[in-house]
Amino acid sequence: MSISRRKFLQGLAATGLTTVLPSTAKAASRGEELATLLDLSKCIGCGACVEACKETNAHKFPRPKKPFPKMYPSRVKPSDWSDKQDVDDRLTPYNWLYIQTAYVTWQGEEYEINIPRRCLHCQNPPCANLCPWGAAAKQANGIVRINDKICLGGAKCKKVCPWHIPERQSGVGLYLKLLPSFAGNGVMYKCDRCFGRINQGLVPACIEVCPQDVQTIGPRDEIVAKAHKLAKEMGGYIYGEKENGGTNTIYVSPVPFDVLDKAIEKGPGRPHLSSVPNSMAKEENLAMAVIGAPVAGLAAALLTGISKVSQDKQGDKDE
Amino acid sequence: MNKQPKTIWSGRLFNFMVFGLMFTGMAQMPIFKRYYLADVPGFGWTADFYLNHILHYILATILLFIIFYRLGKFLRQPGREIELITPIGWVKIFIWAGLIFTGILRVLKNQPNIFFSPQVVVFLDWGHLGFAIILGLAALLGKILGQGYLRD
């Protein structure tokens, strides 16, 4: 970890990219969360980021064994994208980033807004918190990753994700070695914010190749401040700062996101842009009760004991 | 020790809590929809991961209170008759300790301002699941041997 961190510092110092905030290296060395800012007014939808993502992460893409195991019960169908690896107009196990386009009229002006879509890397990610197997987890630097060595492909992460981002490929992963017909169904895939490049002191491929400098990476508090400044300057709107309790992907757009949400194509692999309350809010509130219950139990036992002793003493006096 | 704990260990409330925790714990795995339970009228909620997660928290809160209340009562007794605990009772107590330890850490991990490394998360998840499975096996063994937590 220390080697990676050192490499990261050295690498970032050498990048000279304007899309990397100067304090990024220090924040990374302190183990702080890094966030990305996407200025949607700059994105021209050229697709360079999508291409770079595919090229950079190709070595992580699934190589399924066929035929797939026969699944029981028969209602469980395998998910197979291996023959559709070129699909780039939605999220798939082979396409972790794609561009949504919204044609809208806002305040009398016509806009074409291009929106790079991928995992938002939530601050308190339900995919990681509710994965019963530890396969999805958040790293100190804010990256939310699915471990393809242990993921069983149950797709719970996709169901609990407010944007249903992770996508499944069958015929790969640990389930093949356990109970392939009865439990699991492959591995879930999504953006891992190029964690390997970050460890090597590089920025994610989508940031590096963007000809428009749409994205900026840096410590989350600075990215949020920059997003607010940018939104104020353009009279724009922010998405991702508070969604699902806060994410590490902050979009700034000249058009309100509810307007964009109505204009984009949504469905499987094509996430929405509507506002999202904190999925983990109830658990966050209940946590104190769970953690406090042992103390409360011990205290109750102590208090009933004191009460009993005083009653016994009173009884002795009465006799 | 020989009177009070036995009533709670064999108590219906305790058993109901354990069953509820086992059920909502199993519901954290995506199996109830796959294996048709959620298709049974009135059981659709078994496939609701968030609902079952919250129920798991609530049941854990009640059970932890009961366990630690009983532990407190035991500890304040002048003559703690530890020798009354059966071998299988000791095994189950240690498994309970592991289950509670991993469960509480898992709850802490789900808080937004607390961070555990991915490696620790795997250890906690597999540990919690493993302790739940071996607790079930130990309980079964206890039934077969006719041994509870305490000697008669």
Side-chain angles (χ1 to χ4, degrees), chain A residues 1 31 33 71-73 75-76 122-124 126 128-140 145 147 150 152 154-156 159-160 182-185 245-246 278-280 282-306 308-309, chain B residues 25-31 33-36 39 47-54 56-77 100 103-129:
Chain A
M1 188 65 189
E33 285 185 19
M71 304 302 285
Y72 294 101
R75 75 196 289 183
V76 183
C122 300
Q123 288 195 287
N124 197 20
N129 289 336
L130 272 68
C131 174
W133 196 236
K138 184 181 157 185
Q139 297 182 178
R145 265 179 72 195
N147 183 341
I150 60 170
L152 298 173
K156 183 182 176 186
K159 288 192 183 79
V160 301
F182 300 100
N185 194 2
N278 183 3
S279 307
M280 297 301 297
K282 291 191 179 90
E283 282 88 343
E284 287 172 17
N285 293 333
L286 277 169
M288 284 312 292
V290 183
I291 294 158
V295 179
L298 286 172
L302 185 69
L303 288 173
T304 54
I306 292 167
K308 194 170 180 298
V309 169
Chain B
M26 283 177 69
Q28 296 309 306
M29 293 179 276
I31 52 174
K33 178 72 181 168
R34 177 169 179 161
Y35 288 105
Y36 297 96
D39 294 345
D48 183 334
F49 296 122
Y50 280 110
L51 175 68
N52 281 283
H53 199 230
I54 290 158
H56 201 68
Y57 269 52
I58 294 169
L59 291 169
T61 302
I62 300 168
L63 190 72
L64 284 171
F65 181 86
I66 293 170
I67 288 174
F68 280 84
Y69 176 71
R70 285 296 169 187
L71 178 66
K73 284 185 84 171
F74 171 66
L75 290 176
R76 70 171 158 77
Q77 281 178 359
I100 291 168
I104 285 181
L105 287 180
R106 198 66 183 75
V107 168
L108 283 172
K109 184 243 157 264
N110 286 353
Q111 291 300 96
N113 48 356
I114 295 175
F115 175 76
F116 291 146
S117 75
Q119 292 79 10
V120 173
V121 173
V122 172
F123 169 78
L124 290 177
D125 278 4
W126 291 20
H128 198 61
L129 181 64

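Per chain, numbering begins at 1; letters A, B, ... match sequence-line order.
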Any side-chain heavy atom of [X] within less than 4.5 Å of one from [Y]?
{"X": "A:R145", "Y": "B:P118", "value": "no"}
{"X": "A:Q123", "Y": "B:P112", "value": "no"}
{"X": "B:H56", "Y": "A:E283", "value": "no"}
{"X": "A:W133", "Y": "B:L129", "value": "yes"}
{"X": "A:K282", "Y": "B:Y50", "value": "no"}
{"X": "A:P294", "Y": "B:I100", "value": "no"}
{"X": "B:V122", "Y": "A:I150", "value": "yes"}
{"X": "B:Y35", "Y": "A:V76", "value": "no"}

For the CZ atom on B:F123, are there more than 12 heavy atoms of other groups (residues, nucleotides or ligands in this structure) within a distance under 6.0 Å?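 No, CZ of B:F123 has 12 or fewer neighbouring heavy atoms, counting only those of other groups under 6.0 Å.
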
Nearest non-hydrogen partners of B:F68 and A:L298, listed with the distance: O-CD2, 3.4 Å

Can you name the nearest heavy-atom pair linking B:K109 to A:N129, along with the distance? NZ-OD1, 2.5 Å

Does the side chain to side chain contact (heavy atoms under 4.5 Å, CB included) test come out yes or no for B:T61 and A:L286, once each step is laid out? CA-CA 9 Å; B:T61 302; A:L286 277 169; 5.6 Å; no

So for [X], is it side chain, backbone, both, or neither that comes closer than 4.5 Å to the heavy atoms of chain A?
{"X": "B:I54", "result": "both"}
{"X": "B:P30", "result": "side chain"}
{"X": "B:Y57", "result": "both"}

Sort out for me which of [options] touches chain B most, counting heavy-atom pairs under 4.5 Å.
{"options": "A:G154, A:A300, A:C131, A:G245", "answer": "A:A300"}
{"options": "A:K159, A:M71, A:Q139", "answer": "A:Q139"}
{"options": "A:C122, A:G246, A:A135, A:S279", "answer": "A:S279"}
{"options": "A:G292, A:A137, A:A183, A:A299", "answer": "A:A183"}

So which of B:H128, B:R106, B:M29, B:Q111 has the largest heavy-atom pair count under 4.5 angstrom toward chain A?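 Max contact count across the listed options: B:Q111.
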
Can you see whether B:Y36 has A:R75 sitting over its ring - NZ or CZ less than 6.0 Å from the centre and within 45° of the normal?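 That pair qualifies as a cation-pi contact.
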
Go through it in stages, so that I can follow the logic: the residues are A:K156 and B:Q28, the test is side chain to side chain contact (heavy atoms under 4.5 Å, CB included), and I'd like the CA-CA distance, side-chain angles, deciding distance and then a yes or no. CA-CA 9 Å; A:K156 183 182 176 186; B:Q28 296 309 306; 3.0 Å; yes

Take B:N110 and A:E284, measure what side chain to side chain contact (heavy atoms under 4.5 Å, CB included) needs, and give me the verdict at the end. CA-CA 7 Å; B:N110 286 353; A:E284 287 172 17; over 6 Å; no

Are the side chain of B:R34 and the backbone of A:Y72 linked by a donor-acceptor contact shorter than 3.5 Å? yes

